[in-house]
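Heads up: the structure comes next, in structure tokens.
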Amino acid sequence: LPLYKPGLYTVKASAPMPITVRGAGGGGGSGGTKHNSGTGGGGGGAVTNGTDISLDPAHSYQLRVGANGGGGGSGDSDGGNGGITSFIDTTIGSTWVSLGGGTGGKVIPGLNTPGIGGAVGGLTTNAVSGGNGGAGGGAGAGVNGSNAVNGAAGGGGGAYVPSAGTGGDGGNGAAIG
């Protein structure tokens, strides 16, 4: 059951059922700027390659798919934070999967900071934290930023484009069970 549309879903099982949850938190958006440099890219969402869960038909479950962080607009605005992707047993209050969203790139005049990768929480297994965003591009139109290298991929840094000055949106989270 792949779910890529951000939102909150209720999950019930009609019989005992083992499932494997794979997913990612939402990516942070790149900041926007009107200065002569690009902003840092948003951090990547945390990722699990498979957390095994046994569903109990007497329990109710809640699945949240994290939304992307929107890119910052022109005029020195930060990128939005990505949303958390989670799988919770609401009957007993146990968080089986918690995949943090990446933070958005921050715009501080003269110091454009990349977003931080999302963290792993709950009882999540086989997971990595999100990578940090890449650095922003230097002065001049279309200069690309660097790529992140650790954990799940972070967003690339924003390029400085005088006519636009806006940052890119992060990617949506996903859950596949």
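FYI, side chains are in, hydrogens and waters are out, and symmetry mates aren't considered; it's all heavy atoms of this structure. Counting from 1, the numbers follow the sequence of the chain as shown.
- Pairing each heavy atom of Gly118 with each of Ala46, the nearest pair is O-CB, 3.5 Å.
- Of all the heavy atoms in Thr103 and Asn81, the pair that sits closest is CA-OD1, 3.2 Å.
- Trp96 pairs with exactly one of Asp89, Thr124, Leu63 by the side-chain contact (heavy atoms from CB on, under 4.5 Å) rule, that one being Asp89.
- Residues Ala119 and Ser129 approach most closely at CA-OG, 4.0 Å, considering heavy atoms.
- Put simply, Val97 and Val65 are part of the same group of oily side chains (I, L, V, M, F, W, Y) that touch within less than 4.5 Å, one to the next.
- Between Gln62 and Leu8, the closest side-chain pair of non-hydrogen atoms falls below 4.5 Å.
- In this structure, CZ on Arg64 lies 13.0 Å from CG on Leu99, to the nearest 0.5 angstrom.
- With respect to Tyr61, the side-chain contact (heavy atoms from CB on, under 4.5 Å) criterion is satisfied by exactly one of Thr90, Thr91, Leu55, Ile88: Leu55.
- Closest heavy-atom contact between Ser94 and Leu123: OG-CD1, 3.7 Å.
- Between Ser60 and Lys12, the closest heavy-atom pair is OG-CD, 3.6 Å.
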**OP:** Go through Thr125 and Asp52 one step at a time and tell me if the side chain to side chain contact (heavy atoms under 4.5 Å, CB included) criterion holds.
**Re:** CA-CA 8 Å; Thr125 58; Asp52 294 326; over 6 Å; no
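- Under a hydrophobic clustering in which Ile, Leu, Val, Met, Phe, Trp and Tyr are joined whenever their side-chain heavy atoms come within less than 4.5 Å, directly or via other members, Ile19 and Val11 fall into the same cluster.
- Using modelled atom types and a 3.5 Å distance limit, the side chains of Thr48 and Thr51 yield a donor-acceptor pair.
- Ile92 approaches His59 most closely through the heavy-atom pair CG2-CE1, 3.7 Å.
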